[in-house]
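Here is the structure we will look at, set down as structure tokens.
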Amino acid sequence: MERKDLLGLKDLSREEIEFILHTAVPMKDIIKRDIKKVPTLRGKAMVTVFYENSTRTRTSFEIAGKYLSADTVNLAVSTSSVQKGESLKDTIKTMEVMGFDLVVIRHSMSGTPHYVARNTSMAVINAGDGTNEHPTQALLDLFTIKQYKGTLEGLKVAIVGDILHSRVARSNIYGLSKFGCEIRVVGPSTLIPPGLDRLGVKSYYSMDQALKGVDVINVLRIQRERQQSGLFPSLDEYANLYMLRPEHLTRAKDDVLVLHPGPMNRGIEISSEIADFGPAVINEQVTNGVAVRMALLFLMMGGSRDEITN
Ligand code: CP
């Protein structure tokens, strides 16, 4: 990959996205082996720096690095010198001069990874910045859709829920639109930002209308930690209108695929019947997340392709 950093899907070309997804295929084979380790990134070092909580993204980056033999370190922000007032810039410089080649960063403020990228020689991967982008989540979503549908071209995709606060929605919209997908968003009007039509996205307020004939439903988490009071009356009211339940699927195509980035609020945005027994591929998304992140680490820290395929 020609880029030093991966900051978002907005600026990535379709060809770059296809190349990353293509590279993730042999990575997934490595995860299935008995011995899940190749020497490709031996001698390289990466650090994860998460200013927000995470289960999937941080852990999958760490194990992805280990499967490729990179030295991986997690900076535990809550017990680090950040708590003594150390600035972001100084924290990142400290990681750089220790010799890390790549930093994976998550921050509640949109644009933080871009700021970091301008101020370090390390490669930077955005693991989620405020309400802006979560590019690796969208890449694993695209990889998963392609795995089940065979193509991304021209699919009808509905994104359900809190679009306003969702960096996952934004990155998915940027990614899917490069493949000619018809993108619909659905949720309460207070959680759908204006101006999405400029990105070619259709906004809906009724699940029945939005899900008619769709190939993929991507259900977003209700972000209680970002929720301003008053955007919808109550979680019960939200669940009544927008929780994905089995009867909604009759509106979609017979082979509809259901995605959720996790963590799930069961009984609020998704029913357990869908999450556990329906056409949901949520666990497969998590596995694919490791493969896609292995691909990115490989491309950004300069591994040799022969070592992956042998
Ligand atoms: N999907 C996602 O970003 O999950 P985590 O917050 O657990 O990393």
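In listed order, ligands and their atoms are each counted from 1. Every heavy atom of this structure was used, including side-chain atoms; hydrogens, water molecules and symmetry mates were not.
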A student checking ligand 1 against Thr55 at a 4.0 Å heavy-atom cut-off should list atoms 5 (P), 7 (O), 8 (O)
Is the shortest side-chain N to carboxylate O distance from Arg170 to Asp129 below 4.0 Å?
no
Could you check whether Glu153 pairs with Arg14 (Lys NZ or Arg NE/NH1/NH2 to Asp/Glu carboxylate O, under 4.0 Å)?
yes
Closer than 4.0 angstrom, basic N to acidic O: yes or no for Glu284 and Lys28?
yes
Quick check on His134 - does any of its heavy atoms sit under 4.0 Å from an atom of ligand 1?
yes
Suppose we measure from atom 1 (N) of ligand 1 to each protein heavy atom; which comes out shortest, and what is that distance?
Pro261 O, 2.9 Å
Using distance alone, with no hydrogens and no angle criterion, decide if Glu237 and Ser234 have a side-chain donor and acceptor under 3.5 Å apart.
no
Should one rank Arg56, Arg58, Arg106, Met264 by closest heavy-atom distance to atom 6 (O) of ligand 1, which comes out on top?
Arg106
Distance filter under 4.0 Å to Thr57 heavy atoms, resulting ligand 1 atoms
2 (C), 3 (O), 4 (O), 5 (P), 8 (O)
For Met300, run the side-chain contact (heavy atoms from CB on, under 4.5 Å) check against Asp101, Val124, Leu102, Leu41 and tell me which one passes.
Leu102
Can Gly262 be said to touch ligand 1, with heavy atoms closer than 4.0 Å?
yes
